[in-house]
There are 2 protein chains.
Amino acid sequence: MPTSLINRKTLDFLLFDWLKADQYLHHSAKQMHHRASLAALLDRAAALAAEKLGPCQRLSDEHEPVLEHGIVSMPPEIRNALHAMRDQGFFGLTQSTNDGGQGLPVLVERACFALFAAANPAVAAYPQISLACARTIQHWGTPAQISQYAKPMFAGRMFGTMCLAEQQAGSSLGDIETRAVPDGPNAYRLYGHKMWVAGGAHTMADNIVHLVLARVPDDHGNLIPGVRGLSLFLVPALIRHGNGETVTQNDIAVTGINRTMGYRGLVNCSLSFGEGVHRPGGKAGATGWLIGPLHRGLAPLLQLMNEARAGTGLFAASIASAGYQLSLRYAKERRQGRAWADKSATSPQIPIIQHEDVRRMLLRQKCYSEGALALSLYCARLSDEESAAPDADLRRHATLLRELLTPVAKCWSAQWGLQANHLAIQIFGGIGYTRQCPAEQLFRDSRLNAIQQGTHGVQALELLSKKLRLEDGTALELLGETMHKTLLKAGQHDVLAVHGKHLARAMHLLARVTRQLLSDDQQQRAMAQASPYMEAFGHIVVAWIWLDLALCCDQIAARTDAHFCAGKLAALDYFYLWELPVAELTLNQMMQADKSVIGFSDLSF
Amino acid sequence: MPTSLINRKTLDFLLFDWLKADQYLHHSAKQMHHRASLAALLDRAAALAAEKLGPCQRLSDEHEPVLEHGIVSMPPEIRNALHAMRDQGFFGLTQSTNDGGQGLPVLVERACFALFAAANPAVAAYPQISLACARTIQHWGTPAQISQYAKPMFAGRMFGTMCLAEQQAGSSLGDIETRAVPDGPNAYRLYGHKMWVAGGAHTMADNIVHLVLARVPDDHGNLIPGVRGLSLFLVPALIRHGNGETVTQNDIAVTGINRTMGYRGLVNCSLSFGEGVHRPGGKAGATGWLIGPLHRGLAPLLQLMNEARAGTGLFAASIASAGYQLSLRYAKERRQGRAWADKSATSPQIPIIQHEDVRRMLLRQKCYSEGALALSLYCARLSDEESAAPDADLRRHATLLRELLTPVAKCWSAQWGLQANHLAIQIFGGIGYTRQCPAEQLFRDSRLNAIQQGTHGVQALELLSKKLRLEDGTALELLGETMHKTLLKAGQHDVLAVHGKHLARAMHLLARVTRQLLSDDQQQRAMAQASPYMEAFGHIVVAWIWLDLALCCDQIAARTDAHFCAGKLAALDYFYLWELPVAELTLNQMMQADKSVIGFSDLSF
């Protein structure tokens with residue numbers, strides 16, 4: 001089997017030893033799955049990633065989607081890879097066995113998708129977005145909508161998209177102008193233009209199911225402004241009538257495709273709804289149905305966006321893992337230069353992994369990529385606890401923690417995943433800057449993650465203004481309690497007690513700064529410091545994760561490979577010596593009076 | 001006139017108020033130039049950048065050079081832009097007026113090239129590299145070589161290239177295998193393969209003059225191994241015989257062109273020398289002539305590489321400036337969202353420059369791009385002092401300081417220039433990730449700079465193992481003395497005294513860590529910490545520069561725009577609050593025992 005672009009030993013360790021995936025199965029699947037069967041599933045995912053997704057990673061970069069006569073076409077290898085994923089049931093992993101799924105936890109689905117995304121993030125993004133849409137329909141839709149749309153999406157026959165942003169409303173969803181006018185029972189006609197629709201048009205599925213954010217006039221015909229007046233609609237590309245024998249095209253047109261830096265296999269469109277393109281002479285307007293409550297589309301939208309954000313974090317971690325594995329292999333093979341102590345000009349050159357500076361870059365990649373992967377999988381585990389924990393309080397706690405950690409996991413993985421891929425290129429050197437080297441593409445792919453599904457800055461503001469205040473700060477308290485459990489265990493450990501003390505100090509500082517930023521008279525300062533705050537928050541969370549991973553390694557040390565555990569400890573040491581102090585510094589800086597960002601005119605830039 | 005991608009007010013401030021360019025002219029030019037005439041020259045450079053180089057920036061990215069039948073072709077707009085630069089005399093700015101030049105300081109040349117590189121770094125790189133080659137020939141060549149090659153290069157009729165790296169010897173020049181076999185008086189025949197030759201083949205000049213690093217057998221026919229056995233050769237693509245009426249092609253073939261992430265307008269080739277391609281039946285071997293001393297090619301090579309590195313730093317600063325100017329304009333125009341205090345959903349959206357988080361990103365871009373530009377121009381000023389200072393000691397001091405600062409300026413500008421362009425994309429948001437947005441290309445262009453002309457890691461090792469020890473540490477002492485002059489002035493200033501104290505503390509820490517790393521028993525630690533050391537060094541140097549700029553602003557406050565000075569002070573404050581402490585933290589971390597990078601097996605990654 002081709003080697004995976006995610007270290008399988010690490011993935012198995014995270015899933016089974018750390019997060020106990022085999023103890024968190026649906027009732028329907030308890031008899032079906034155990035650690036060995038889950039590992040076999042990961043083997044199949046890894047093989048599919050290597051055999052189908054990997055080979056079209058470069059291809060999909062070089063042969064971008066083409067728009068001609070309103071039709072988007074792309075290389076058939078992408079379709080083949082997606083159909084192979086579908087045929088092997090990877091769209092329906094989390095569906096109950098009664099519904100033709102495998103009854104698996106979200107955690108296992110995400111682990112499979114980490115393997116897919118490491119091989120080809122653009123292609124793996126189609127099902128990732130589609131599943132977020134399907135779960136939103138499953139949660140908020142009517143039984144008929146679930147059966148007609150969500151089920152074919154879980155079967156991989158239909159693909160979903162998110163149609164949110166508009167030209168005048170990129171990050172500001174409250175300014176969306178697409179209108180939805182009632183047209184019969186629960187049905188609407190939609191009119192408007194949407195941007196940045198990933199997977200918005202292609203011919204690789206039986207139907208494309210757009211989830212469209214729009215605004216419905218109230219009883220007096222007025223549009224309710226702001227986010228409070230938004231509703232979410234299901235708007236399929238093709239509409240079946242009667243028994244499904246008649247199919248008509250919905251009034252949706254592709255108005256352009258974006259030529260992106262990376263992620264080129266994932267077609268990115270502008271769509272117009274209701275311009276009458278597909279129905280000359282007919283009634284204009286794209287037909288759609290409400291998903292979730294009228295004028296309160298924010299709730300289903302947030303579910304959708306949260307899952308998409310979690311996906312972005314996971315993909316960022318996976319792309320970083322791929323760059324790490326590739327540059328690690330190269331560093332072991334490539335010979336260049338000599339050890340510092342060797343003054344001979346004729347002794348053989350050494351593999352570059354033996355150069356201290358290269359080791360430092362590899363270790364940083366390990367800290368970032370494995371830390372991000374662990375954090376994303378931890379969030380997936382919280383999703384499972386939300387739905388399957390035995391106790392209502394535990395389920396509510398899991399929801400709060402997941403809500404709090406979603407922007408952090410998304411942004412931390414995006415930021416440091418890009419840095420990891422920067423270092424991967426650096427290890428390759430000159431060749432790393434050419435398109436001959438896969439790390440070059442991974443770096444470009446990585447750059448999307450700090451933008452898509454809400455930019456870094458928008459996520460930071462959301463963390464500060466919404467997530468920290470969830471249920472009066474309960475989410476933050478819960479995170480503190482969870483981290484304290486790790487501190488207690490670390491306190492009893494010879495080697496790790498010192499890391500625990502360090503983490504406790506950083507947590508204390510974070511709590512102080514958080515109180516300061518949340519006080520009512522500090523709002524502008526909070527706006528100005530939101531990004532560094534979130535970055536420090538993320539570093540402290542990942543420091544906690546590395547400590548918890550080290551404790552877990554310690555528990556299984558007797559039955560595992562000593563090099564594996566030594567690697568995790570080296571990463572822990574690196575993170576606590578070189579990374580965690582930066583977060584503490586940031587927090588200390590935040591407590592100093594800081595007008596530097598706001599205290600001068602625009603003309604001074 | 002189209003607006004420049006470098007803030008002209010800042011460029012003029014750096015040149016005239018800070019570095020006193022008008023006081024540093026060649027003797028031959030003293031009567032010709034003054035501040036107004038130099039400013040007019042910059043106007044011409046800015047116009048040329050906007051009218052000729054800018055328009056082929058996107059074009060050269062989309063239409064990469066093509067290799068067919070051994071010939072490299074590229075869009076004619078690139079040729080036109082280069083010929084316009086040539087026709088306006090921009091290749092010969094620093095040549096004496098007797099030689100048809102303008103007798104200008106290197107500083108002024110670099111300022112013009114900053115304008116060119118901000119508009120189109122790939123195209124501006126042809127003359128930048130060519131001039132580095134021409135000056136190397138001018139310094140080390142025979143009168144005949146100077147007249148036959150250097151002069152046409154300064155006239156822009158011939159272009160130069162650097163042929164250094166080989167497949168088995170990327171960063172390790174001591175492992176180069178290209179051979180040069182004596183063939184007549186001072187002439188040689190070269191045999192070997194070179195990689196990463198920027199500008200290695202094209203049809204835009206009368207001739208391409210390759211400077212090739214190779215190894216000559218000693219009197220016993222043996223090759224001397226290591227860097228001590230290297231020699232540098234001038235190997236032109238076309239050779240003129242007799243009176244120049246007969247021209248033959250040299251035995252050089254293009255074996256491939258690299259498809260790079262960015263900088264695509266600058267053709268990047270593999271070349272083979274001496275494979276007999278161009279002379280069927282003739283004597284194989286590429287004809288070349290020694291430049292500089294036999295077996296001691298390191299001296300001319302270092303001159304060449306130092307100038308190329310200075311160019312990389314300048315270009316990195318210029319690309320960062322371009323991203324800053326573009327995202328600044330966008331932030332002023334683009335309306336999105338509302339101020340934090342505005343709770344209305346219907347009030348008009350505000351320009352995003354009014355969002356605190358966007359201001360923070362812009363201010364960071366300002367710190368990085370202007371800091372890097374100032375540092376590069378300061379190094380250019382040192383080059384002028386080297387050749388034109390009235391006193392031999394001053395000239396020697398300038399050489400030492402420039403040697404010490406060259407790797408720092410190159411790497412700091414590459415690292416933070418890329419970060420600045422990352423932030424530029426972030427301000428554009430979704431569109432920033434598309435090739436419709438110029439910041440997207442600038443980001444890709446930027447990524448080259450940490451690799452070309454010696455990677456970040458290689459430069460860091462050079463700083464530690466060579467530059468710090470220059471003349472027993474005199475270079476470092478001189479830098480300290482120069483910075484102390486600024487500290488003295490700052491100490492007498494109401495507002496800036498506190499910055500001075502902060503900088504003094506950081507310098508003290510740097511000195512301690514430097515002593516530790518240079519001690520003989522710390523060599524492996526020094527190797528492992530070279531990169532963070534260089535990064536901290538760079539931050540302290542740039543902190544000094546920002547303080548010196550603020551003092552300079554203060555001196556001219558009465559006759560300049562208050563917003564301009566307030567902007568420089570805001571950047572200073574930002575840098576001292578958020579950036580300088582990171583360098584201090586790094587240095588403090590370096591003093592802790594650190595085995596994290598080296599204390600484990602390769603199998604643990």
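Proteins come first, then strands; the chains are lettered A, B, ... in the order of their sequence lines, and each starts at number 1.
When each of B:L569, B:V582, B:I431 is scored by its heavy-atom pairs under 4.5 Å with chain A, the top score falls to B:I431. For the options A:A339, A:G262, A:A165, heavy-atom pairs under 4.5 Å to chain B are most numerous at A:G262. Chosen from B:I352, B:D573, B:I451, B:N588, the residue pairing most often with chain A at heavy-atom distances under 4.5 Å is B:I451. The most heavy-atom pairs under 4.5 Å with chain B, out of A:T434, A:V227, A:L461, come from A:T434. The greatest number of non-hydrogen atom pairs below 4.5 Å with chain A, out of B:P532, B:S531, B:G432, is found for B:P532. In terms of heavy-atom pairs under 4.5 Å with chain B, the best-connected choice from A:A570, A:A526, A:G226, A:A562 is A:A570. Options A:K568, A:Q365, A:R338, A:R335 differ in how many heavy-atom pairs under 4.5 Å they form with chain B, and the most are formed by A:R338. Heavy-atom pairs under 4.5 Å with chain B were tallied for A:L328, A:L418, A:D602; the largest tally goes to A:D602. Contact tally against chain A (heavy-atom pairs below 4.5 Å) for B:I425, B:I598, B:V358, B:N258: the top residue is B:I425. Heavy-atom pairs under 4.5 Å with chain B peak, among A:Y574, A:F564, A:F600, A:W578, at A:W578.
Side-chain atoms of A:S369 never come within 3.5 Å of backbone atoms of A:Y324 as a donor-acceptor pair (strictly under, hydrogens ignored). A:R360 contributes no side-chain N or O that, together with a main-chain N or O of B:V597, makes up a donor-acceptor pair within less than 3.5 Å. Checking side-chain atoms of B:R264 against main-chain N and O of B:E64 turns up no donor-acceptor pair under 3.5 Å. Looking at B:N7, its side chain does come within 3.5 Å of a backbone N or O of B:T10 through a donor-acceptor pair. Of the possible donor and acceptor atoms, one in the side chain of B:R215 sits under 3.5 Å from a partner among the backbone N and O of B:I176. Judged by distance alone, with hydrogens and angles left aside, the side-chain atoms of A:K366 form no donor-acceptor pair with the main-chain N or O of A:A571 at under 3.5 Å. Checking side-chain atoms of A:S172 against main-chain N and O of B:Q336 turns up no donor-acceptor pair under 3.5 Å. Between the side chain of B:K194 and the backbone N or O of B:L164 there is at least one donor-acceptor pair closer than 3.5 Å. Between the side chain of B:R228 and the backbone N or O of B:I224 there is no donor-acceptor pair closer than 3.5 Å. Not a single donor-acceptor pair under 3.5 Å links the side chain of A:N268 to the backbone N or O of A:A198.
No part of B:R525 comes within reach of chain A, as not one of its non-hydrogen atoms sits under 4.5 angstrom from that chain. Neither the backbone nor the side chain of A:E370 comes within less than 4.5 Å of any heavy atom of chain B. Of the two parts of B:Q592, only the side chain, counted from C-beta on, holds a non-hydrogen atom closer than 4.5 Å to a non-hydrogen atom of chain A. In this structure, chain A has heavy atoms under 4.5 Å from both the backbone and the side chain of B:Q529. For B:L572, no part lies under 4.5 angstrom from a heavy atom of chain A. Both the backbone and the side chain of A:L577 come within less than 4.5 Å of a heavy atom in chain B. Looking at B:L448, both its backbone and its side chain come within 4.5 Å of chain A, counting heavy atoms on both sides. Proximity to chain A is limited to the side chain of B:K332, based on heavy atoms less than 4.5 angstrom apart. For a residue to count as touching a neighbouring chain, one of its non-hydrogen atoms must lie under 4.5 Å from one of that chain's; by this rule A:L173 does not touch chain B. Both the backbone and the side chain of A:M590 come within contact range of chain B, each with at least one heavy atom under 4.5 Å from a heavy atom of that chain. B:A450 touches chain A through backbone and side chain together, each having a heavy atom under 4.5 Å away. Using a 4.5 Å cut-off between heavy atoms, A:R334 touches chain B through its side chain atoms alone. Only the side chain of A:F443 comes within less than 4.5 Å of a heavy atom of chain B; its backbone N, CA, C and O stay farther away. Contacts between A:Q415 and chain B at a heavy-atom distance below 4.5 Å are absent for every atom of the residue.
Heavy atoms of other residues, nucleotides or ligands lying less than 6.0 angstrom from CD of A:Q168 number more than 12. A:Q436 CD: 12 or fewer foreign heavy atoms inside a 6.0 Å radius.
Taking 4.5 Å as the heavy-atom cut-off, the residues of residues 452-460 of chain A that approach chain B are A:T455, A:H456, A:G457, ordered by number. Scanning residues 341-351 of chain B against chain A with a 4.5 Å non-hydrogen threshold yields B:K343, B:A345, B:T346, B:Q349, sorted by number.
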(message) Set out, in order, the CA-CA distance, both residues' side-chain angles and the distance that settles side-chain hydrogen bond (donor to acceptor under 3.5 Å, both in side chains) for A:R447 and B:Q426, then state yes or no.
(response) CA-CA 10 Å; A:R447 183 61 191 85; B:Q426 204 62 22; 2.9 Å; yes
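Shown here for A:Y576 and A:P581, the closest heavy-atom pair between the two residues is O-CD, 3.3 Å.
Looking only at side-chain heavy atoms (C-beta outward), B:R359 and A:F605 come within less than 4.5 Å of each other.
Residues satisfying the side chain to side chain donor-acceptor pair (under 3.5 Å) criterion with B:H355, sequence neighbours excluded, are absent altogether. Under the rule for a side chain to side chain donor-acceptor pair (under 3.5 Å), A:T586 has no partner lying at least two apart in sequence or in another chain.
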